Amino acid sequence: MTDDRPLRVETQGRVGLITLHRPQQLNALNDALMDALGEALLAFDADPGIGAIVITGSEKAFAAGADIEAMADLTFMDVTQGQFITRNWETIRSVRKPVIAAVAGYAMGGGCELALACDVIVAAESARFALPEIKLAMLPGAGGTQRLPRAIGKAKAMDMCLSARMLDAQEADRYGLVSRVVPDAELLERTLVLATQIAAFSLPALVAIKESVNRAWESPLTEGILFERRALYGRFASSDAHEGMHAFLDKRKPAFAHR
Ligand code: DAK
């Protein structure tokens, strides 16, 4: 019997692992996959036993973009009335826990945009990033034209968007598109170690940090600093923060209750 679920979902301790699985289409992102991804993300976000989420693909492709076959004959009315992209691609923005992309092979178009929507990107040496929509006379419409310049600056982003230039993992690392580069054979293991390390920290503190760093992207410095300061004050209402500081003073390991 064939398994046509577009992704696999599992947990490892406090880490939720989502593996995109449309091998025949290099994990091209269609509605079924994006619906399932949104559902899995929201379920992990609501689960108090999960502290971090990993999204990965296959050795050949994280995802080769939006599914071109599913998109080729859509009309303006279809995409407008059906809220194409907005309807199920934006779910990831509502996730409060850290989301880590583990990228091997192609991360193109919507696949690159999905990685950009994650909080941390761990790239295998084989990772390749591109926004090649211009080749289809389209444009990156799932956040690419907005997140890429914020991540790597206007000059590099324009180059990638206008010429479909593909970056290898080392270039992506140099330009600040990815968080770290690891050997292919170690991608999942190293990403899970990182996710496990993150997930062991106090969850409300992780959520506050993610919100604050995202605020740096989305607001002027003065507002961002104000937001950060309020978030810091909020930490003093957290039993974990008192536990963390006292454990340091007592020279023992903290026992976080995620409160
Ligand atoms: N969609 C559907 N099928 C795809 C696909 C995709 N994006 N990418 C690959 N496939 C399929 C291929 O058709 C092929 O299927 P079969 O022929 O075996 O049936 C299979 O996956 C293997 O692909 P290749 O034979 O091409 O494999 P190669 O190793 O030779 O090449 C490649 C790998 C990743 C370089 C190549 O497949 C490729 O260039 N793929 C297309 C990449 C691409 O252009 N991605 C961007 C898609 S456009 C919008 C907002 C956002 C977007 C659109 C609209 N609006 C607001 C309206 C976003 C658009 C995109 O992401």
Side-chain angles (χ1 to χ4, degrees), residues 2-8 18-38 41 55-94 99 101-118 121 123-152 156-172 177-178 184 187:
T2 58
D3 181 354
D4 56 5
R5 289 172 305 160
L7 49 81
R8 309 269 192 267
I18 301 170
T19 306
L20 311 181
H21 187 72
R22 294 188 74 215
Q24 310 304 324
Q25 296 84 12
L26 303 182
N27 294 332
L29 306 164
N30 62 3
D31 267 344
L33 193 156
M34 294 313 291
D35 285 343
L37 178 60
L41 285 169
I55 303 176
T56 195
S58 69
E59 285 173 13
K60 178 157 185 196
F62 178 69
D67 189 317
I68 298 170
E69 194 181 342
M71 213 167 43
D73 296 320
L74 292 179
T75 65
F76 177 77
M77 273 308 148
D78 291 334
V79 296
T80 309
Q81 293 186 326
Q83 292 210 68
F84 184 53
I85 307 279
T86 309
R87 190 177 70 71
N88 50 12
W89 288 59
E90 300 291 349
T91 310
I92 194 165
R93 288 192 70 190
S94 64
V99 181
V103 179
Y106 295 110
M108 298 184 63
C112 182
E113 291 172 308
L114 176 60
L116 281 166
C118 295
I121 303 177
E125 296 280 358
S126 68
R128 298 288 179 271
F129 297 88
L131 290 177
E133 284 86 346
I134 188 62
K135 290 188 185 171
L136 308 173
M138 295 289 281
L139 85 143
T145 64
Q146 303 305 301
R147 290 197 179 98
L148 192 63
R150 283 167 166 80
I152 66 174
K156 298 286 186 207
M158 279 289 191
D159 188 0
M160 286 181 71
C161 291
L162 296 176
S163 75
R165 176 180 177 190
M166 188 182 284
L167 299 186
D168 64 28
Q170 295 302 342
E171 287 171 309
L177 176 53
V178 303
D184 277 66
L187 175 67

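Whatever order the structure lists them in is the order used to number ligands and atoms, beginning at 1. If you're wondering where the values come from, they're calculated on a predicted model, not measured in any experiment. Quick note: numbers below take in every heavy atom, side chains included, and nothing from hydrogens, waters or symmetry partners.
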Between C161 and L131, the two heavy atoms sitting closest are SG-CD1, 3.8 Å
Taking the side chain as every heavy atom from C-beta outward, state whether I92 and C118 have any pair of such atoms under 4.5 Å apart.
yes
Contacts satisfying side-chain hydrogen bond (donor to acceptor under 3.5 Å, both in side chains) that involve residues 57-67 (not counting sequence neighbours) are R22-D67
Given the options M158, M160, K156, L148 meets side-chain contact (heavy atoms from CB on, under 4.5 Å) only with M160
Using a 3.5 Å cut-off on N/O to N/O, what pairs does ligand 1 make with the protein? A line per pair would be great.
residue	atom	partner	partner atom	Å
ligand 1	1 (N)	I68	N	2.9
ligand 1	7 (N)	A64	O	2.9
ligand 1	7 (N)	A66	O	2.9
ligand 1	21 (O)	Q24	O	3.3
ligand 1	29 (O)	K60	NZ	2.7
ligand 1	45 (N)	A64	O	3.0
ligand 1	61 (O)	A66	N	2.8
ligand 1	61 (O)	G110	N	2.9
ligand 1	61 (O)	E133	OE2	3.4

In this structure, CZ of R8 is separated from OG1 of T19 (nearest 0.5 Å) by 8.0 Å
Inset, instruction - Check whether any side-chain heavy atom of L20 sits under 4.5 Å from a side-chain heavy atom of I55, and report yes or no. - result: yes
